[in-house]
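Read through the structure below, which is laid out as structure tokens, and then see the notes.
It should be emphasised that the depicted structure is a prediction, and the values quoted were computed from it without experimental measurement. Protein chains get the first letters and strands the later ones, always in sequence-line order, with residue 1 at the start of each.
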Amino acid sequence: MLKIYNSLTQTKEEFKPLVEGKIGIYVCGITTYDYLHLGHARMLVAFDVVTRYLRERGFEVNYVRNITDIDDKILNRAKENGELFSDLTDRFIEAMHEDERALAVLPPDVEPRATGHITEIVDMIKLLVEKDMAYRAGNGDVYFSVMNFPDYGKLSKKKMDELLDGARIEVGELKKDPRDFVLWKSSPDDGVGWDSPWGYGRPGWHIECSAMSTCCLGDNFDIHGGGSDLLFPHHENEVAQSEAATDTQFANVWMHNGPLRVDNEKMSKSLDNFFTVREILETYDAEVVRHLLIASHYRSPINYSEQSLRQSTSILERFYNSLKGLDIDSAKSLTNSRFEKAFFAAMDDDFNTPEAFSVLFEIVKEINKQKEGDPVLANQLGALLVRLANLLGILQSTPAEFLRSNVSTDVDEQEIDQLIAARKQARADKDWALADEIRDKLAAMKVVVEDGADGSGWRIER
RNA sequence: GGCUGGAUGGCAGAGUGGUCAUGCAGCGGACUGCAACUCCGUUAACGCCGGUUCGAUUCCGACUCCAGCCUCCA
């Protein structure tokens, strides 16, 4: 039985799709004005694992993840650069796709862009205005009327009156109520916008997601996801807009991935603890980064550090060491084993990847044990390990690829082979001094020699 | 101040009312010329104070501390 934690009810619930066998899932994607940072990667990888697993469970998944490609931050950055905002977003969307591919994040089925859905956005705002759930202010902006939506706060568990206490009153306030938020921003002067019944302008951020999700998946759909920092106000506002417009429940299940921290604080540019995906990938293997992101449960915070990356590195080395020497391709994966059952039980329990990993380690242990005694079984276990790991998007390389290459180290395989051959001769001559000298030389090249019964192998020191 | 989540062995990180997480590191042994890899064995934890219970790290309450959200944020 598949159970998913639902932020709306704050409990783990048995998951039941609206239509048997099918799942519609919408995840808030990226505002594309810069390179992806590790926090973005966390979200992308978390929902990549979710969708991979749901598909493995036999569901036909329609995964929709939007791109916010019109926004004040984008326009400001474009202005700084002196370029068209669409040139800026095109560039960073391409960069985002590159980073996703590096991290083995599968593309969503639909990737709607805000600028491609202006019609739906305008239609939804029109409907809200007609229903008296929104109003046009004096300057042409259109605001959502929070007061007219009694359920406001049901997702983030905030009380209407407490929100009023905390709300900032801005100078020159045009809102009827400080809690109201913008649906349509008037922009008569800057030349970036679209015509609308309320004049030339641009959509607010929250309405984009309401329009794109209901447009792609229907008024009521199965799962809505995103980072926990979006829960309020973004997701709360989405619920308000969508349910006010459609008079039906919006998403059935809300999933929120935990934050990525650095030095126990949220990663942010102002704290100067900000890491982009591509700068980390200059020194660490993408699979190592991916492992780090799924070694903790998706709802828990992850504290990023060099140490945690090194730990993920040794863990992957253990996996690949165990796969070394196995014939996976021609072996048939073990089916219906206790390992597989335990793995699925862990994943069925709200995608418990840490527990799933503990099962993978049990398989590793069994492989290492069986390598000598029952090579056929070892191969079958190896195939099982790779099959299950693929659901997490790891162990996608071969042992040789992973253990013998490194993004930050270049090796000359021919030279290594020559040195190993020379050492083999020295060892045959029992010239231990020379053999150790050669091994030290290899070590200086970041190459670790491993002697086995059938000759000496090597790997890169990480 | 309000709301939400958390506090587990040296580190990372699951979970459970009574028996084992798991990985890294450590310790003892096997293998090895010595290492590395691997194997076998092994030490070690549940923030603090009460309560419920035959029994609580797990349930309940108070407290302390930490983080996130309350403003753009994955």
Checking N257(A) now: which residues fulfil side chain to side chain donor-acceptor pair (under 3.5 Å) with it, not counting sequence neighbours? none

Of the listed nucleotides (A36(B), A14(B), G33(B)), which one gets closest to any side-chain atom of E355(A)? A14(B)

Short N-O contact, D109(A) and R65(A), less than 4.0 angstrom: no

From the candidates G33(B), A14(B), C11(B), the one with an atom nearest any side-chain atom of Q311(A) is C11(B)

Please tell me if K158(A) has a side-chain N or O lying less than 4.0 Å from either OP1 or OP2 of U4(B). no

Separation between the P atoms of C72(B) and C11(B), rounded to whole Å: 38 Å

Do the rings of H234(A) and H206(A) sit parallel, tilted or perpendicular, given the 30° and 60° boundaries? tilted

Cation-pi check, R462(A) to F402(A): give yes when NZ or CZ is under 6.0 Å from the six-membered ring centre and within 45° of the ring axis, no otherwise. yes

Please report, rounded to the nearest Å, how far the P atom of C11(B) is from the CD1 atom of I302(A). 19 Å

Starting the side chain at C-beta, find the nucleotide from G13(B), U38(B), A67(B) nearest to R261(A). A67(B)

Side chain of W432(A), heavy atoms from C-beta onward: which of C69(B), A74(B), G33(B) has the nearest atom to it? G33(B)

With rounding to whole Å, what would you report as the distance between A56(B) and U16(B) at their C1' atoms? 10 Å

What's the closest nucleotide to the R427(A) side chain, out of A67(B), C34(B), A74(B)? C34(B)

Phosphate oxygens OP1/OP2 of C39(B): is one of them under 4.0 Å from a side-chain N or O of R318(A)? yes

Side chain of D229(A), heavy atoms from C-beta onward: which of C70(B), U22(B), A74(B) has the nearest atom to it? A74(B)

Ring centroid separation for H291(A) and F357(A), is it under 6.0 angstrom? yes

Within the structure shown, what part of the strands sits under 4.0 Å from L260(A) by heavy-atom distance: base, sugar-phosphate, or nothing? base

Heavy atoms only, 4.0 Å cut-off, all strands: where does S156(A) land among base, sugar-phosphate and nothing? sugar-phosphate

Under the 3.5 Å Watson-Crick or G-U criterion, the dot-bracket string of RNA chain B, with | for inter-strand pairs: (((((((..(((.....[...))).(((((.......)))))....(.(((..]....))).))))))))....

How do K324(A) and E265(A) order along RNA chain B: which one's closest nucleotide is nearer the 5' end? K324(A)

Tell me whether the side-chain N or O atoms of R439(A) pair up with the base of C34(B) as donor and acceptor below 3.5 Å, since no angle test is needed here. yes

Just to be sure I understand the rule, does K365(A) reach a base, reach only the sugar-phosphate, or reach nothing, if contact means heavy atoms closer than 4.0 Å? sugar-phosphate

To the nearest angstrom, how far is L323(A) atom CG from C37(B) atom P? 17 Å

Establish, yes or no, whether a centroid distance under 6.0 Å links the rings of F92(A) and Y33(A). no

What's the gap between C54(B) and A45(B) when it is taken at their C1' atoms, as a whole Å value? 25 Å

At under 4.0 Å between heavy atoms, what does G226(A) touch on the DNA or RNA strands: base, sugar-phosphate, or nothing? sugar-phosphate

Can you tell me the distance, in whole Å, between the CE atom of M255(A) and the P atom of A74(B)? 18 Å

Result of checking Y63(A), F15(A), F344(A) against Y53(A) for ring-ring contact (aromatic ring centres under 6.0 Å, His included): F344(A)

Has the side chain of D436(A) got a donor or acceptor that lies under 3.5 Å from a partner of the other kind on the base of G33(B)? yes

Just how far, in rounded Å, is P of C34(B) from CG of L434(A)? 18 Å

Just how far, in rounded Å, is C1' of G13(B) from CD of Q307(A)? 13 Å

Nearest to the side chain of N368(A), which nucleotide is it out of C34(B), A74(B), C39(B)? C39(B)

Once the angle between the rings of F232(A) and Y152(A) is folded into 0 to 90°, is it parallel (under 30°), tilted (30 to 60°) or perpendicular (over 60°)? perpendicular

Does N303(A) contact C11(B) through a side-chain donor or acceptor facing the base, at a distance under 3.5 Å? no

Mind checking if L231(A) touches a base, just sugar-phosphate, or nothing, with heavy atoms under 4.0 Å? nothing

Heavy-atom nearest nucleotide on RNA chain B for H37(A) versus G452(A): which residue maps closer to 5'? G452(A)

Look at all strands and tell whether R423(A) reaches a base, only sugar-phosphate, or nothing, counting heavy atoms closer than 4.0 Å. base

Tell me whether the side-chain N/O atoms of K266(A) come closer than 4.0 Å to OP1 or OP2 in C69(B). yes

So what does E372(A) touch, heavy atoms closer than 4.0 Å: a base, only the sugar-phosphate, or nothing? nothing

To the side chain of M43(A), which of C34(B), A74(B), C69(B) is closest? A74(B)

Considering every strand and a 4.0 Å limit on heavy-atom distances, what is the contact class for Q10(A): base, sugar-phosphate, or nothing? sugar-phosphate

Less than 6.0 angstrom separating the ring centers of F221(A) and F250(A), yes or no? yes

If you take the centroid of each ring, where Trp contributes its six-membered ring, are F361(A) and F319(A) closer together than 6.0 Å? yes

Which value, in whole Å, describes the distance between the P atoms of nucleotides U8(B) and G15(B)? 14 Å

P gap between A35(B) and G26(B), integer Å: 14 Å

P-based separation of U42(B) from U64(B) [nearest Å]: 43 Å

Can you sort out the partners of V182(A) under side-chain contact (heavy atoms from CB on, under 4.5 Å), two or more places apart, ordered by chain and number? D141(A), Y143(A), K185(A)

What nucleic acid atoms does S296(A) come within less than 4.0 Å of, heavy atoms only: base, sugar-phosphate, or nothing? sugar-phosphate

Return the nearest nucleotide to the side chain of S358(A); candidates are A74(B), U22(B), G33(B). U22(B)

How far does the P atom of G55(B) sit from the matching atom of U4(B), given to the nearest Å? 32 Å

Nearest to the side chain of K157(A) - C70(B), U4(B), C34(B)? U4(B)

Grab the CG-P distance between N321(A) and C39(B) for me, whole Å please. 10 Å

Distance, P atom - from A14(B) to A30(B), rounded to whole angstrom: 37 Å

C24(B) phosphate, OP1 or OP2: any side-chain N/O from S314(A) under 4.0 angstrom? no

Tell me whether the side-chain N/O atoms of S300(A) come closer than 4.0 Å to OP1 or OP2 in A14(B). yes

